[in-house]
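The next block holds one structure in the form of structure tokens; read it before the comments.
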Amino acid sequence: MGIIVPILTLVFLLFAKVSHGASTPRVILVGGSVGAWKVPDSPNNTLNHWAENTRFKVGDFLVWKYDMKVDSVLEVTKEDYDSCNTAKPLKQYKDGHTEVHLDKSGPYFFISGAPGNCAKGEKITLVVLSERPSGDGSVAPKASPVSPTAPAPAPHNAAGGMKVASGWFLTTVVIGLAMA
């Protein structure tokens, strides 16, 4: 039993390190469902409400699914977002299945390219967390500074909690088997 405890401790520490290491990029469906890219049915049910409760990290991919015959996605500056100016987008997507790689931290601004839809609320702003080194050499997300009017995303990452819980479960099972 004298050597089992150090081995189990080592197994636990290795598993915990793997669980907390750099995360893999995620594919995130905008609004959480197909067809969410539309004029909102109420001012209390906008894509910005969804974005405030979603944590975006460098490396993630956003996916929009929409009817390309009637809509598009424009990535714009904050000024064009605020004024719903569709004249000079940074990037324009019209394929009906748009994928955008979030390759830098900070705010992103997207509006509908359909005439009048942005003014009716079909737009989204989101903040991507930057990566910062943690004390153990791994990389952990941190919030990027944004203007005081921009909402900060709420910490929400159920998948990360599941990894840690799985590690505790596995360690408990291994220790239980070793003691039996």
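Note: the hydrophobic cluster containing W64 also contains W50 (ILVMFWY, side chain heavy atoms under 4.5 Å, direct or indirect links). Taking hydrophobic clusters as Ile, Leu, Val, Met, Phe, Trp and Tyr residues chained together by side-chain heavy-atom distances below 4.5 Å, L74 does not share a cluster with V39. Note: the hydrophobic cluster containing L47 also contains L102 (ILVMFWY, side chain heavy atoms under 4.5 Å, direct or indirect links).
Residues R55 and L129 meet the side-chain proximity criterion, which asks for heavy atoms closer than 4.5 Å. Between D82 and E79 there is no side-chain heavy-atom pair separated by less than 4.5 Å. When side chains are defined from C-beta on, I28 counts as touching F56, because their heavy atoms get closer than 4.5 Å. P107 has its side chain out of reach of K78: every pair of non-hydrogen atoms, C-beta onward, lies at least 4.5 Å apart.
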Verdict with reasoning, T54 to L126, per side-chain contact (heavy atoms from CB on, under 4.5 Å): CA-CA 9 Å; T54 306; L126 53 98; over 6 Å; no
Candidate pair T46 and I124, rule side-chain contact (heavy atoms from CB on, under 4.5 Å), full reasoning: CA-CA 8 Å; T46 68; I124 184 172; over 6 Å; no
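Looking at every heavy atom in both residues, D71 comes nearest to G113 through OD1-N, 3.8 Å. For the residue pair K94 and M68, the shortest heavy atom distance occurs at O-CB, 3.2 Å. Considering all non-hydrogen atoms of both residues, V63 and V27 come closest at CG2-CG1, 3.4 Å. For the pair V34 and K65, the tightest heavy-atom approach, listed with the atom from each and the gap, is CG2-CD, 3.9 Å. Between K88 and N85, the shortest heavy-atom distance links the atoms CE-ND2, 4.0 Å. Closest of all the heavy-atom pairs between V128 and Y108 is CG2-CE1, 3.3 Å.
A donor-acceptor pair is defined here as one N or O able to donate and one able to accept, closer than 3.5 Å; such a pair exists between the side chain of W37 and the backbone of S72. In this structure a side-chain-to-backbone donor-acceptor pair under 3.5 Å is missing from D103 to V58. In this structure, the side chain of D60 engages the main chain of R26 through a donor-acceptor pair within 3.5 Å.
Applying the ring pair (Phe, Tyr, Trp, His ring centres under 6.0 Å) definition to pairs two or more places apart or across chains, those involving residues 75-100 are Y81-F109.
C84 SG to E122 CD: the interatomic distance, rounded to the nearest 0.5 Å, is 10.0 Å. Rounding to the nearest 0.5 Å gives a distance of 4.0 Å between NE2 of H101 and CZ of F61.
Neither side chain, S112 nor Y66, offers a donor N or O lying under 3.5 Å from an acceptor on the other.
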